[in-house]
Engineer: 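Here it is, the structure, as structure tokens.
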Amino acid sequence: MTENTQPFIQDELQTQAITLGCGTNDRIVCVTGPAGTGKTTIMLQIYNAFVNAGHKVAIAAPTGKAAKRISEATGLPAVTLHRLLEYTHPGDPDPKTGKVTGVSVPRRGPENRLEYSVVLVDEYSMINNELDRTLLDAIPAGGLVRCFGDINQLPPIENTGFNGPPAGPSAFTRHLKNFPSVKLEKIYRQGEGSGIVTNAARILKGWVPQQADDFQMVIGKNPVETVMDMIMAEGAKFHTLDWQIITPTHMGWTGTRALNLNIQEMLQGEKMHEAHVMPRTRYDKVKSLVLIPGDKILWTKNDYHLEIYNGETGIVKKFEHDQVFIDFGDREVAIPPHVEYIASDGSTKNYDPRTTINLAYAVTTHASQGSEYSQIAYIMDKSSSILHDRSNFYTAITRARYKTTVVTDQRSLQRAVSTLKVRF
């Protein structure tokens, strides 16, 4: 009997989710629901049932930070889907275009299936169609997949239409429609964070959030100035991984690029003599970057050699011999100026992993997805109006466990709650 247990409140839908999830007749079963409806505890119940029945069970998530979060929540080991499927290193980027010269391919597939009879996957709303297909192809005969996620959150980039027309329904949307599924409704989370959960439900209904002890709204004509005032008052906390500024966009005064530089200058200005210039690629949209001990950074690609994954955030600790030492919360990693490896064709390749680092005082909603923070500030103004919608707003504010602060103007707030993007 596994020792992982959590207090559990069952209603009819939760009982149905456990019954379906523990059954062996359906290859795929999906469980969705907003924050606070018990998805994580249901996953734990299903895990325990299969392990106790003698199954070999894996827990996975689309990103390293999401895998870490589910491990912290359940006490069970979780890995990224790319690690589970044993993806290879994709190769070096072309110096002119930035596109990789090779491809990252899974070692697990129809000819080399997974050794797990059950795979539980969290944050399924983040999974694109290609990764979904790869996972299903790698499941052994008779194997089961259990999908957990919040369909109200942002879909994968391929389904947003940012880079062209949306690529049809997301994998999670299709599975919810085509396979036995349960949509949880009742919110049980109480105490700290309850105002966040209540306002998340209001946003999904198209209602403006209400002020609460753990949900503050600062509405004015200059959101950037308000955020800078917050940082001036609480500067040290923004050096930690528990406090996070989230914005819908990279561009404009409320975008990550401008905010990160402004915040770095405000918090680290007296330490500029300690700054180290980081290498950039020709195709990098952030053309220059200096780092100072204490800076918060975002890792922007999966690196299977260093075992650091896209979306992980960390704190710069020190510099030694061209190495950057970064504390990712659960481990400290020395980032070297060069990593050498043997490519699939037998040739020796190398790359500079420091080009993967960006500042992370402010991150986009997409970059924050799958993470949880003690406190977040979500900033939006008219410059990012094309991205103001319920999914973005809802996803951002539910990243906080204990407190959310929304910094915006009245028009942006109204647009964010009234705009419902078409979901297939």
Side-chain angles (χ1 to χ4, degrees), residues 28 43 56-72 74 76-93 98-116 118-140 143 145-149 153-159 167 170-172 175 298-314 326 328-331 333 335 339 341-344 349 351 353 355-358 366-371:
I28 297 175
M43 179 188 292
K56 189 174 182 182
V57 185
I59 298 180
T63 65
K65 57 188 178 178
K68 179 182 176 182
R69 186 193 62 77
I70 199 65
S71 291
E72 292 172 346
T74 64
L76 300 170
V79 297
T80 65
L81 274 172
H82 282 79
R83 170 58 62 86
L84 181 72
L85 296 168
E86 300 178 17
Y87 270 78
T88 60
H89 191 282
D92 294 327
K99 295 182 178 180
V100 293
T101 54
V103 293
S104 178
V105 295
R107 293 190 176 96
R108 295 291 180 171
E111 305 302 321
N112 182 29
R113 295 183 185 270
L114 292 167
E115 297 169 357
Y116 297 93
V118 181
V119 178
L120 312 180
V121 187
D122 196 26
E123 299 287 355
Y124 219 93
S125 63
M126 298 175 64
I127 294 174
N128 63 32
N129 288 309
E130 180 182 358
L131 187 56
D132 169 71
R133 184 68 264 162
T134 302
L135 171 64
L136 298 185
D137 285 345
I139 298 297
V145 178
R146 300 297 179 252
C147 311
F148 300 82
Q153 290 189 23
L154 288 170
I157 291 289
E158 68 177 11
N159 298 97
S170 68
F172 198 32
H175 292 341
L298 174 72
W299 197 265
T300 59
K301 293 180 182 177
N302 290 329
D303 191 309
Y304 304 103
H305 300 296
L306 296 178
E307 297 189 357
I308 311 172
Y309 299 97
N310 183 25
E312 288 198 76
T313 53
I326 299 175
F328 286 98
D330 57 346
R331 70 212 188 277
V333 182
I335 312 302
V339 171
Y341 67 98
I342 304 300
S344 57
K349 302 285 187 178
Y351 64 97
T355 60
T356 309
I357 300 171
N358 277 325
H366 267 288
S368 73
Q369 201 166 353
S371 294

Engineer: For R83, check side chain to side chain contact (heavy atoms under 4.5 Å, CB included) against everything at least two apart and list the hits.
Structural biologist: V79, T80, E307, Y309
Engineer: So how far is it from D303 CG to I335 CD1, rounded to the nearest 0.5 Å?
Structural biologist: 8.0 Å
Engineer: If I take atom OH from residue Y341 and atom NZ from residue K349, how far apart are they, to the nearest 0.5 angstrom?
Structural biologist: 6.5 Å
Engineer: To the closest 0.5 Å, what do you measure between CG (N128) and CZ (R133)?
Structural biologist: 13.0 Å
Engineer: Looking at F328, is its backbone amide N or carbonyl O close enough to the side chain of E312 to form a donor-acceptor pair, meaning the two atoms are under 3.5 Å apart?
Structural biologist: no
Engineer: Tell me which one of V121, I28, L135 satisfies side chain to side chain contact (heavy atoms under 4.5 Å, CB included) with C147.
Structural biologist: I28
Engineer: So, the side chain of S125 versus the backbone of Q153: is there a donor-acceptor pair under 3.5 Å, distance only?
Structural biologist: no
Engineer: Can you tell if the side chain of K68 reaches within under 4.5 Å of the side chain of D330, non-hydrogen atoms only?
Structural biologist: yes
Engineer: Supply the atom-to-atom distance M43 CE to T74 OG1, rounded to the nearest 0.5 angstrom.
Structural biologist: 7.5 Å
Engineer: So is K56 actually on top of Y116's ring, under 6.0 Å and inside 45° of the axis?
Structural biologist: yes
Engineer: What's the spacing between L84 CG and I59 CD1 if we round to 0.5 Å?
Structural biologist: 11.5 Å
Engineer: I'd like to check the side chain to side chain contact (heavy atoms under 4.5 Å, CB included) partners of T63; sequence neighbours left out, ordered by chain and number.
Structural biologist: K65, A66, M126
Engineer: Does a side-chain N-to-carboxylate-O contact under 4.0 Å join R108 and E115?
Structural biologist: yes
